[in-house]
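Working notes, structure below.
Side chains are part of it too, since the values below use all heavy atoms of this structure and drop only hydrogens, waters and symmetry mates. Remember, predicted model here, so these are calculated numbers, not experimental data. When a ligand or atom number is given, it counts from 1 through the structure's own listing order.
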Amino acid sequence: MVDEPETLNEETPSSVPFRAEVKQLLYILAHSLYAEREIFLRELLSNASDALNRVQFEMLTNRDVVDPEAELLITIDVNKDDRTLTIRDTGIGMTRDEMIENLGTIAQSSARAFLQKTGKDQPISSDIIGQFGVGFYSVFMVADRVTVISRSHRPDEPAHQWEATGEDTFTISPSEKQERGTIVQLHLKEDAKEFAEPWRVEQIIKRHSNFVAFPISMGERRINQEQALWRQAPRQVEADKYADFYQQLTLDSEKPLLHVHLSTDVPLDLHAVLFIPSRRE
Ligand code: ADP
Ligand code: MG
């Protein structure tokens, strides 16, 4: 937990300092040049997908959640004039405390490893950033202001808004959002306005997040693949698709050595794809 002043009133906006290691990470992300900035979207979509998985799992045993009937999906909106990109999910959401904890510290092991590899004044090669999932904070490669509005699945927890500009503090304040889930809105840097172009966003989703198991739609259109790869008939899947799936799943920069696709209906309904990496760990 981040230390907060004792007198903090939950209903007024408050400014909370980021932890030291987050400041360091933000500094690196905001001030370096990258060839692979587009992976921020993969990170956001993977968080949205995790949140949807978690609420789906929660609802197996608990129906006392906000919006139990809500469809599980991810929607994306872009606005070129305002230079914004907005990602919404109907996932598990976050409480006020969870936002402070999850978006103010580094829990993630790969972000730590990233920091160890890069050091403050060292140049970063562009593949390092693609290779490590630096997670949520990667948004600061492309955005100069990030707003997260979230309503937890817990019925007695009101929504809150978290906002940061990549400086040393973030603010947290109450929000009116009634529906369960999370909205992440990026205000893009001038040199990142390409990420408010629908064709560009679609290209990135196909490249990095095509196999996300929940629908990702922009406008009225679904962007990602509709049916899980392992559920398709092996003879209908093009060879490249297996490699794409493997690489999106594992973040391995090389294609797999081989794959085996098992698909039977009788006597067991069984679908699986086994991959052998091209290199040992
Ligand atoms: P990781 O996904 O590896 O845990 P991230 O930096 O990507 O690390 O995200 C940090 C945490 O923030 C997540 O573990 C999750 O608890 C929370 N989080 C981020 N995005 C969402 C979201 N859309 N819905 C709910 N929780 C989220
Ligand atoms: Mg993540």
TODO: Please test His261 against Tyr242 for ring pair (Phe, Tyr, Trp, His ring centres under 6.0 Å), starting from the C-alpha separation and ending with a verdict.
DONE: CA-CA 9 Å; His261 189 165; Tyr242 288 107; 5.6 Å; yes
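- The shortest N or O to N or O distance between Leu103 and ligand 1 is not under 3.5 Å.
- Between the side chains of Asn102 and Glu98, not a single donor N or O lies within less than 3.5 Å of an accepting N or O.
- Looking at Val148 against ligand 1, nothing comes within 4.0 Å, counting heavy atoms.
- A heavy-atom separation below 4.0 Å is not found between Glu43 and ligand 1.
- Close contacts between ligand 1 and Phe136 involve ligand atoms 5 (P), 6 (O), 7 (O) [criterion: under 4.0 Å to a heavy atom].
- Side-chain atoms of Thr95 and Glu157 include no donor-acceptor pair closer than 3.5 Å.
- Backbone and side-chain nitrogen or oxygen atoms of Asn102 are examined, and one is located within less than 3.5 angstrom of a nitrogen or oxygen of ligand 1.
- Residue Met94 holds the heavy atom nearest to atom 18 (N) of ligand 1 of all those in Arg88, Arg54, Met94.
- Atoms CZ and OG, on Arg96 and Ser150 in that order, are 13.5 Å from each other to the nearest 0.5 Å.
- Salt bridge present: Lys206 and Glu202 bring a charged side-chain N and a carboxylate O closer than 4.0 Å.
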- [ ] Dump the intermediate steps for side chain to side chain donor-acceptor pair (under 3.5 Å) on Ser278 and Glu254, then the final yes or no.
- [x] CA-CA 7 Å; Ser278 59; Glu254 288 180 35; 3.1 Å; yes
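- For Ser46, every N, O or S atom stays at 2.8 Å or more from the Mg ion (ligand 2).
- Close contacts of ligand 1 with Ala51, meaning ligand atoms under 4.0 Å from a residue heavy atom, involve 24 (N), 25 (C).
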